[in-house]
Amino acid sequence: MDRLLISGGARLNGHVPISGAKNAALPILASTLLADSPMRVCNVPHLRDVTTTIELLGRMGVEITVDERMQLEVDPRPIREFAASYELVKTMRASILVLGPMLARYGRADVSLPGGCAIGARPVNLHVAGLQAMGADIVIEDGYIKARADRLHGARLVLDTVTVTGTENLLMAAALARGETLIENAAREPEVVDLADCLMSMGAQIEGAGTDTITVQGVETLSGSRYRVLPDRIETGTYLVAGAVTGGKVRATGTRPDNLDAVLAKLEECGAKITTGEDWIELDMEGRRPAAVNLRTAPYPGFPTDMQAQFTALNAIAEGVGTITETVFENRFMHVLEMQRMGADIKLEGNTAISEGVPSLMAAPVMATDLRASASLVLAGLVAEGDTVIERIYHIDRGYEQIEEKLGQLGAGIRRITG
Ligand code: UD1
């Protein structure tokens with residue numbers, strides 16, 4: 001299994017190109033199931049989760065061609081299987097995103113329940129309840145969600161928790177349902193907006209994406225279009241934090257500053273000088289050590305839970321005491337135990353991590369436990385004295401394209417050890 005070897009101590013400096021957003025690419029690829037003609041999707045990141053989605057669609061019979069620039073041509077017409085197996089769903093929870101579109105377009109879908117997940121129990125009850133309110137017959141049998149419907153109908157759906165993929169599943173289903181659907185307490189994440197924009201390019205009628213109430217007028221058919229996935233705000237934020245922890249200067253290019261307000265505000269609070277252009281963000285620490293920050297994660301436009309682990313790494317080496325509270329997921333602090341082994345002074349109290357920053361960490365062999373936790377260990381490795389080896393980096397390959405090359409270009413001492 002691949003490992004990453006990081007030799008800490010380099011101050012990062014330079015430009016880093018940002019890839020397409022994983023969390024937008026996955027629902028957009030699922031949405032191709034709704035179309036009655038081929039769809040072209042560009043700026044798709046080359047990631048393990050994308051490969052898993054391609055495999056998932058491929059096993060259903062969908063024809064996909066990928067060119068060297070990761071432009072995907074997806075033809076849903078040869079579909080013949082309406083199932084997502086446990087084997088694939090267990091490796092990627094987001095496989096649940098095929099449920100809504102398959103059911104809306106083909107009237108049937110058997111999707112394995114995702115089961116437990118390293119970052120706490122992540123149920124899909126709201127996906128199921130929403131589809132039932134739209135007229136689906138759903139039974140849970142042999143670990144599968146088995147859904148049937150002649151044609152879904154519009155409904156008023158009030159989500160009791162803000163759920164990103166739940167909103168996306170219901171939005172895709174509503175696009176082909178008969179009549180009007182209202183999704184209240186909808187997720188406002190930029191990736192939801194990107195999916196809505198993509199669906200509209202296919203002929204869907206949607207209003208309010210990006211607010212907490214989305215209105216969809218169902219249409220009879222959707223056709224394939226050409227769509228470009230938005231840049232990844234979490235990848236962007238991760239490289240900016242890499243600049244911050246090393247006292248460096250990093251410019252993220254091909255990104256969207258307006259999707260990172262909460263993250264940029266915290267980076268400024270920790271002492272970074274931030275400048276932005278239309279499609280770039282530059283962070284300059286001017287050689288300083290960051291100051292610790294206090295934050296709480298929350299649904300967008302709040303501070304993203306997917307940036308929590310990276311800021312935990314920042315606080316670990318920052319000046320002063322910082323408090324980070326995780327409100328979106330339970331049990332999302334596994335990285336803290338690994339950082340403690342590297343000399344971090346962090347105490348966990350329920351869903352809060354309180355850290356007293358230390359001037360530098362010490363290298364140690366550590367283990368990646370989930371996607372963002374592994375990113376935070378890379379950041380910790382960048383500021384540790386000595387060589388840090390990170391095991392189980394398949395987690396990081398799920399969400400970061402060529403991380404060792406991108407960090408290497410910024411001057412980090414990092415290399416992949418294969419096998
Ligand atoms: C998505 C993102 C993930 C991010 C998360 C929160 C994708 C592919 N993944 O995950 O990177 O960390 O949003 O921003 O876009 N919940 C329920 N019932 C449900 C659904 C969710 O109770 O039916 C709860 C979850 O347990 C969790 C909260 O809602 O506590 C938010 O989860 P959700 O937004 O659904 O996360 P994902 O969509 O899985």
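FYI, the numbering just counts along the sequence from 1.
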Enquirer: Run the numbers on Val50 and His46 for side chain to side chain contact (heavy atoms under 4.5 Å, CB included), then give the verdict.
Expert: CA-CA 7 Å; Val50 168; His46 194 5; over 6 Å; no
Enquirer: Which pair of non-hydrogen atoms, one from Cys198 and one from Met39, has the smallest distance, and what is that distance?
Expert: SG-CE, 3.6 Å
Enquirer: Are Ser360 and Glu385 close enough that a side-chain donor and a side-chain acceptor fall under 3.5 Å?
Expert: yes
Enquirer: Can you find a heavy atom in the side chain of Met339 that is under 4.5 Å from one in the side chain of Ile346?
Expert: yes
Enquirer: Atom CG of Leu371 and atom OH of Tyr400: how far apart are they, to the nearest 0.5 Å?
Expert: 5.5 Å
Enquirer: Show the nearest heavy-atom pair for residues Leu240 and Ala252, with the distance to one decimal.
Expert: CD2-CB, 4.4 Å
Enquirer: Listing request: all salt bridge (Lys or Arg N to Asp or Glu O under 4.0 Å) pairs with a residue in residues 167-189, at least two apart in sequence or in separate chains.
Expert: Arg156-Glu184
Enquirer: Quick one: does Leu170's side chain get under 4.5 Å of His127's, heavy atoms only?
Expert: no
Enquirer: Considering all heavy atoms of both residues, which atom of Leu379 and which atom of Ala313 are nearest to each other, and what is their separation?
Expert: CB-CB, 4.1 Å
Enquirer: Could you pull out the closest heavy-atom pair between Ala187 and Thr163, with the gap in Å?
Expert: CB-O, 3.6 Å
Enquirer: So, does Asp194 use its side chain to make a donor-acceptor pair with the main chain of Leu230 at under 3.5 Å?
Expert: yes
Enquirer: Is there a side-chain contact between Val62 and Ile54, using heavy atoms and a 4.5 Å cut-off?
Expert: no
Enquirer: Verify the distance criterion only: is there a donor paired with an acceptor across the side chains of Gln310 and Ser376 at less than 3.5 Å?
Expert: no
Enquirer: Give a yes or no on whether the backbone of Gly100 and the side-chain of Asn169 come within a donor-acceptor separation of less than 3.5 Å.
Expert: yes
Enquirer: Can you tell if the side chain of Thr215 reaches within under 4.5 Å of the side chain of Ile206, non-hydrogen atoms only?
Expert: no
Enquirer: Would you sort out whether Asp397 and Arg416 count as a salt bridge (Lys or Arg N to Asp or Glu O under 4.0 Å), showing the intermediate values?
Expert: CA-CA 11 Å; Asp397 292 331; Arg416 181 178 293 253; 2.8 Å; yes
Enquirer: Which atoms form the tightest heavy-atom contact between Gly277 and Pro257, and what is the distance?
Expert: O-CG, 3.2 Å
Enquirer: I need the Phe311 CZ to Ser355 OG distance, nearest 0.5 Å.
Expert: 12.5 Å
Enquirer: Check whether any side-chain heavy atom of Val164 sits under 4.5 Å from a side-chain heavy atom of Asn23, and report yes or no.
Expert: no
Enquirer: Are Gln308 and Thr312 close enough that a side-chain donor and a side-chain acceptor fall under 3.5 Å?
Expert: yes
Enquirer: Backbone N or O of Val328 within a donor-acceptor pair of the Thr305 side chain at under 3.5 Å?
Expert: no
Enquirer: Keeping Asp142 on the side-chain end and Tyr144 on the backbone end, is there a donor-acceptor pair under 3.5 Å?
Expert: no
Enquirer: Taking side chain to side chain donor-acceptor pair (under 3.5 Å) as the test, write out the residues that go with Gln205, two or more places apart.
Expert: none
Enquirer: Going from OG1 on Thr246 to CG on Leu382, what distance comes out if it is rounded to the nearest 0.5 angstrom?
Expert: 7.0 Å
Enquirer: Thr32 side chain to Ile28 main-chain N or O, any donor-acceptor pair under 3.5 Å?
Expert: no
Enquirer: Test salt bridge (Lys or Arg N to Asp or Glu O under 4.0 Å) on Arg233 and Glu191 and set out the steps.
Expert: CA-CA 10 Å; Arg233 65 194 164 100; Glu191 294 76 18; 2.8 Å; yes
Enquirer: Start with the C-alpha gap between Arg398 and Asp49, add the side-chain angles, then the distance that decides, and say whether salt bridge (Lys or Arg N to Asp or Glu O under 4.0 Å) holds.
Expert: CA-CA 5 Å; Arg398 287 188 40 220; Asp49 275 7; 2.9 Å; yes
Enquirer: Is there side-chain contact between Glu81 and Arg59, with at least one heavy-atom pair below 4.5 Å?
Expert: no
Enquirer: Evaluate the side chain to side chain contact (heavy atoms under 4.5 Å, CB included) criterion for residues Arg40 and Tyr227: first the C-alpha distance (whole Å), next the side-chain angles of each, then the deciding distance (0.1 Å), finally the verdict.
Expert: CA-CA 6 Å; Arg40 180 169 272 274; Tyr227 196 77; over 6 Å; no
Enquirer: Can you establish whether the number of heavy atoms outside Arg392 located under 6.0 Å from its atom CZ is more than 12?
Expert: no
Enquirer: Would you say that Val89 contacts Ile96 through its side chain, given a criterion of any heavy-atom pair below 4.5 Å between the two side chains?
Expert: no
Enquirer: Rounded to the nearest 0.5 Å, what separation is found between the CG atom of Leu103 and the OH atom of Tyr106?
Expert: 12.5 Å
Enquirer: Drop me the distance from Arg332's CZ to Thr327's OG1, to the nearest 0.5 angstrom.
Expert: 11.0 Å
Enquirer: Could you tell me whether Glu220 and Arg151 make a salt bridge, using a distance below 4.0 angstrom between a side-chain N and a carboxylate O?
Expert: yes
Enquirer: With salt bridge (Lys or Arg N to Asp or Glu O under 4.0 Å) as the criterion, how do Lys406 and Glu235 come out once you've worked through the C-alpha distance, each side chain's angles and the decisive distance to 0.1 Å?
Expert: CA-CA 11 Å; Lys406 291 189 182 187; Glu235 189 198 24; 2.7 Å; yes
Enquirer: Please check if the side chain of Ser374 supplies one atom and the backbone of Ile393 the other of a donor-acceptor pair under 3.5 Å.
Expert: no
Enquirer: Go through the side-chain N and O atoms of Thr325 and Asn351 and say whether any donor and acceptor fall under 3.5 Å apart.
Expert: no
Enquirer: Are Met307 and Arg372 close enough that some pair of their side-chain heavy atoms sits under 4.5 Å apart?
Expert: no
Enquirer: Which heavy-atom pair separates Ile214 from Gly208 by the least distance, and what is that distance?
Expert: CG1-O, 3.8 Å
Enquirer: More than 12 non-hydrogen atoms from neighbouring residues, nucleotides or ligands closer than 6.0 Å to CD on Glu278, yes or no?
Expert: no
Enquirer: Check Lys266 with Asp261, please: is the shortest side-chain N to carboxylate O separation under 4.0 Å?
Expert: no
Enquirer: State whether the number of non-hydrogen atoms from other residues, nucleotides or ligands found under 6.0 Å of Glu207 atom CD is greater than 12.
Expert: no
Enquirer: Closer than 3.5 angstrom, by distance alone: can the side chain of Arg256 be matched with the main-chain N or O of Asp279 as a donor-acceptor pair?
Expert: no
Enquirer: Is a side-chain donor or acceptor of Asp232 paired with a backbone partner of Lys22 at a separation under 3.5 angstrom?
Expert: yes
Enquirer: If we check side-chain contact (heavy atoms from CB on, under 4.5 Å) with Leu222, which of these qualifies: Leu34, Leu33, Asp36?
Expert: Leu34
Enquirer: From Leu4 CG over to Ile403 CD1, what is the distance, rounded to the nearest 0.5 angstrom?
Expert: 7.0 Å
Enquirer: For the pair Met367 and Glu338, evaluate side chain to side chain contact (heavy atoms under 4.5 Å, CB included) and give the outcome as yes or no after the intermediate values.
Expert: CA-CA 7 Å; Met367 191 107 82; Glu338 297 299 275; 3.6 Å; yes
Enquirer: Taking Asn315 for its side chain and Val293 for its backbone only, find out whether a donor-acceptor pair lies under 3.5 Å.
Expert: yes
Enquirer: Take Leu199 and Ser31 through the side chain to side chain contact (heavy atoms under 4.5 Å, CB included) test and state the conclusion after the steps.
Expert: CA-CA 7 Å; Leu199 291 169; Ser31 78; 3.9 Å; yes
Enquirer: Can you list everything that forms a side-chain contact (heavy atoms from CB on, under 4.5 Å) with Ala174? Sequence neighbours excluded, please.
Expert: Met134, Thr181, Val216
Enquirer: Taking everything shown except Asp67 itself, do over 12 heavy atoms lie less than 6.0 Å from its CG?
Expert: yes
Enquirer: Is the backbone of Thr213 close enough, under 3.5 Å, to the side chain of Thr211 for a donor and an acceptor to pair up by distance?
Expert: yes
Enquirer: Does CZ in Arg341 sit with more than 12 non-hydrogen atoms of other residues, nucleotides or ligands closer than 6.0 Å?
Expert: yes
